[in-house]
Amino acid sequence: MRVNIRVFARLRDIVGAAELDRDIPTGATVRQLWDELVVEFPDASAYAGSLSAAVNTEYAKMETMLHDGDEVAFLPPVSGGQLLL
Amino acid sequence: MRVNIRVFARLRDIVGAAELDRDIPTGATVRQLWDELVVEFPDASAYAGSLSAAVNTEYAKMETMLHDGDEVAFLPPVSGGQLLL
Amino acid sequence: MSFQRLAVTTKRLELDALIHCLSEATKNGESEGIGAVASFLGLVRERNLGHRVMKLEYEAYEPLAMHAFERITSEVVERWPATQLALHHRIGVLAIGEASVAIVTASPHRADAFAACRYAIERVKQIAPIWKREFFEGGDVWIEGATADPDDATAREDAYRRTCV
Amino acid sequence: MSFQRLAVTTKRLELDALIHCLSEATKNGESEGIGAVASFLGLVRERNLGHRVMKLEYEAYEPLAMHAFERITSEVVERWPATQLALHHRIGVLAIGEASVAIVTASPHRADAFAACRYAIERVKQIAPIWKREFFEGGDVWIEGATADPDDATAREDAYRRTCV
């Protein structure tokens, strides 16, 4: 099955595109898709501990199972999360 | 000596005018002026415990000594002081 | 500055004008710059303590009100040194939904802007020599709250406590 | 309503428009009425962590950002039932002094308006999928903060704690 991947900010710079389509096995999770992406773009591994994900424009867990045609977004830490007041 | 008295809101309604001039003895205090006013306008006595005063457009204590030509204001409790949030 | 930071006015209050007056004042680059602007508008509510309000009339002892606003500005700058304040209070007859008071604070960071704005409105309510008369169906009444005493440390601390600093 | 309460936009943010959109919405007399409007503007500061900023670029994952704003609205209404919220975030390149985010809350009483406004900006900073790139003399860098997780109860409590309720 095929999913559409969206990436943002520095993660987009690393991937070199704002979106890309990839074929994944039936029943694959968000995490498996991410792992594939890191194989393809090793610098993305820097986000392993700080990543958020969304499926079809809603926040999703890494364990979420994907379906054909899903839009999967990988989100670096958001700008406003700084601990600075 | 002569002072100019300013009153506001319900206290103005009681006095029936926004300002009035009165002659007072040399060395009189804000409190003595107020006491005179209450003699003249007994309903004003309701404000004995909640009054604020100002002399020459600055807040002043009741013990402040007055001088010829002073502008003395007597202020009912202010509207915003309500304990309601 | 074409616009006064502090005012008692019969004119309609304009928040954007107050904001503009603060942001203009710091374009000289002497500070970190303004990162946060907090503001407050007090509006005439159509209901108070269960009855329907038709309109309000605000009356001020204007020169003392301006002095009170200057005092509040000093108190704000003392506690939040990088913070600026603009404060306008309207007087006269106001319809439901109209703003009686507008306060804007500007600061490098949002915690200070929020705290200073909240502090300022609490202090206005405590010490500004401004009275309101409520007009309702069948009558009117002067709304009286607490005795204004700018030196009352308890009141000042109460205002400060509400800022959550 | 001619104006959206929630938006991600490339256009200049207008606080008055947000305020207007809230006050219009309650003219139906179903509530006590609005007595307090609190607002917040986040501006691009000219200095950050000691260096001079030339401009910022904001990027959003727009549909998710709108869902995050809707979630924040629900959280606000849940905690402060009589309070309304409008929230606009700007994206694109912003100059120093321009507003990146505008939040307005309206409530019968000021404590709720202030608290909801502060809560909303904290939550925007925590969970809105919006990133900023800082351009300074000689380079640029994406500013990254914390991992966005709308279900993180600790983050939500932290935002609530800052409102001082």
Side-chain angles (χ1 to χ4, degrees), chain B residues 3-21 29-31 33-35 37-38 41 43-67 69-85, chain C residues 8 40 42 44-45 47-50 56-72 87 89-91 94 100-101 103 118 120-134 140-152 154-156 158-159 161-162:
Chain B
V3 295
N4 178 247
I5 301 169
R6 306 284 309 265
V7 284
F8 298 89
R10 198 162 79 85
L11 190 51
R12 175 167 46 71
D13 292 347
I14 289 168
V15 167
E19 54 184 301
L20 57 172
D21 293 323
T29 62
V30 173
R31 187 182 305 282
L33 179 62
W34 170 251
D35 290 344
L37 203 71
V38 170
F41 306 98
D43 287 351
S45 66
Y47 288 104
S50 61
L51 195 72
S52 298
V55 175
N56 298 330
T57 75
E58 292 287 3
Y59 278 109
K61 304 282 181 207
M62 294 301 275
E63 296 69 37
T64 304
M65 198 178 290
L66 296 173
H67 299 90
D70 277 352
E71 175 177 311
V72 184
F74 291 115
L75 317 172
V78 294
S79 67
Q82 298 171 92
L83 296 179
L84 283 175
L85 279 179
Chain C
V8 175
F40 176 76
V44 177
R45 270 192 301 138
R47 299 195 74 80
N48 189 28
L49 303 176
L56 287 183
E57 181 182 357
Y58 284 85
E59 171 180 331
Y61 182 26
E62 291 191 42
L64 182 60
M66 289 298 284
H67 288 151
F69 293 172
E70 282 157 15
R71 178 189 285 255
I72 293 167
L87 196 178
H89 207 297
R90 192 167 164 195
I91 53 173
L94 274 71
S100 58
V101 59
I103 299 177
R118 182 74 201 270
I121 182 60
E122 297 304 325
R123 292 297 277 158
V124 166
K125 300 264 178 184
Q126 289 173 352
I127 70 169
I130 297 175
W131 300 269
K132 68 181 173 191
R133 195 206 309 234
E134 195 180 277
D140 66 78
V141 63
W142 285 103
I143 307 292
E144 296 180 347
T147 304
D149 177 4
D151 298 321
D152 180 344
T154 306
R156 213 178 138 168
D158 181 65
R161 193 178 49 74
R162 290 175 198 267

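Just so we're clear, the structure is a prediction, and the values are computed from it rather than from any experiment.
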(request) Using a cut-off of under 4.5 Å on heavy-atom pairs, state which of C:Ile127, C:Ile121, C:Asp149 scores highest against chain B. (result) C:Ile127
(request) Dump the intermediate steps for side-chain contact (heavy atoms from CB on, under 4.5 Å) on B:His67 and B:Val55, then the final yes or no. (result) CA-CA 10 Å; B:His67 299 90; B:Val55 175; over 6 Å; no
(request) May I ask you to decide if C:Phe40's main-chain N or O and C:Arg118's side chain share a donor-acceptor pair within less than 3.5 Å? (result) no
(request) Select one option (side chain, backbone, both, neither) describing which atoms of C:Ala128 are under 4.5 Å from chain B's heavy atoms. (result) backbone
(request) Tell me the residues of residues 56-65 of chain C whose non-hydrogen atoms fall below 4.5 Å from those of chain B, in number order. (result) C:Glu59, C:Ala60, C:Tyr61, C:Pro63, C:Leu64
(request) Could you tell me whether the side chain of B:Asn4 and the main chain of B:Asp21 form a donor-acceptor pair under 3.5 Å? (result) no
(request) Return the option, out of B:Ala73, B:Ser50, B:Ala53, with the maximum number of heavy-atom pairs under 4.5 Å with chain C. (result) B:Ser50
(message) Please classify the contact of C:Trp142 with chain B as side chain, backbone, both or neither, using a heavy-atom distance under 4.5 Å.
(response) side chain
(message) Donor-acceptor check, side chain of B:Trp34 to backbone of B:Thr29, threshold 3.5 angstrom: yes or no?
(response) no
(request) Could you pull out all residues at least two apart from C:Asp140 that satisfy salt bridge (Lys or Arg N to Asp or Glu O under 4.0 Å)? (result) C:Arg133
(request) Can you tell which part of C:Asp158 gets under 4.5 Å to a heavy atom of chain B, answering side chain, backbone, both or neither? (result) neither
(message) So C:Trp131 and B:Leu11, do their side chains get closer than 4.5 Å, heavy atoms only?
(response) no
(message) Let me confirm one number: the CD1-CG distance from B:Ile5 to B:Leu33, rounded to the nearest 0.5 Å.
(response) 4.0 Å
(request) Begin from the C-alpha positions of B:Leu66 and B:Val30 and carry the test side-chain contact (heavy atoms from CB on, under 4.5 Å) through to its verdict. (result) CA-CA 7 Å; B:Leu66 296 173; B:Val30 173; 3.8 Å; yes
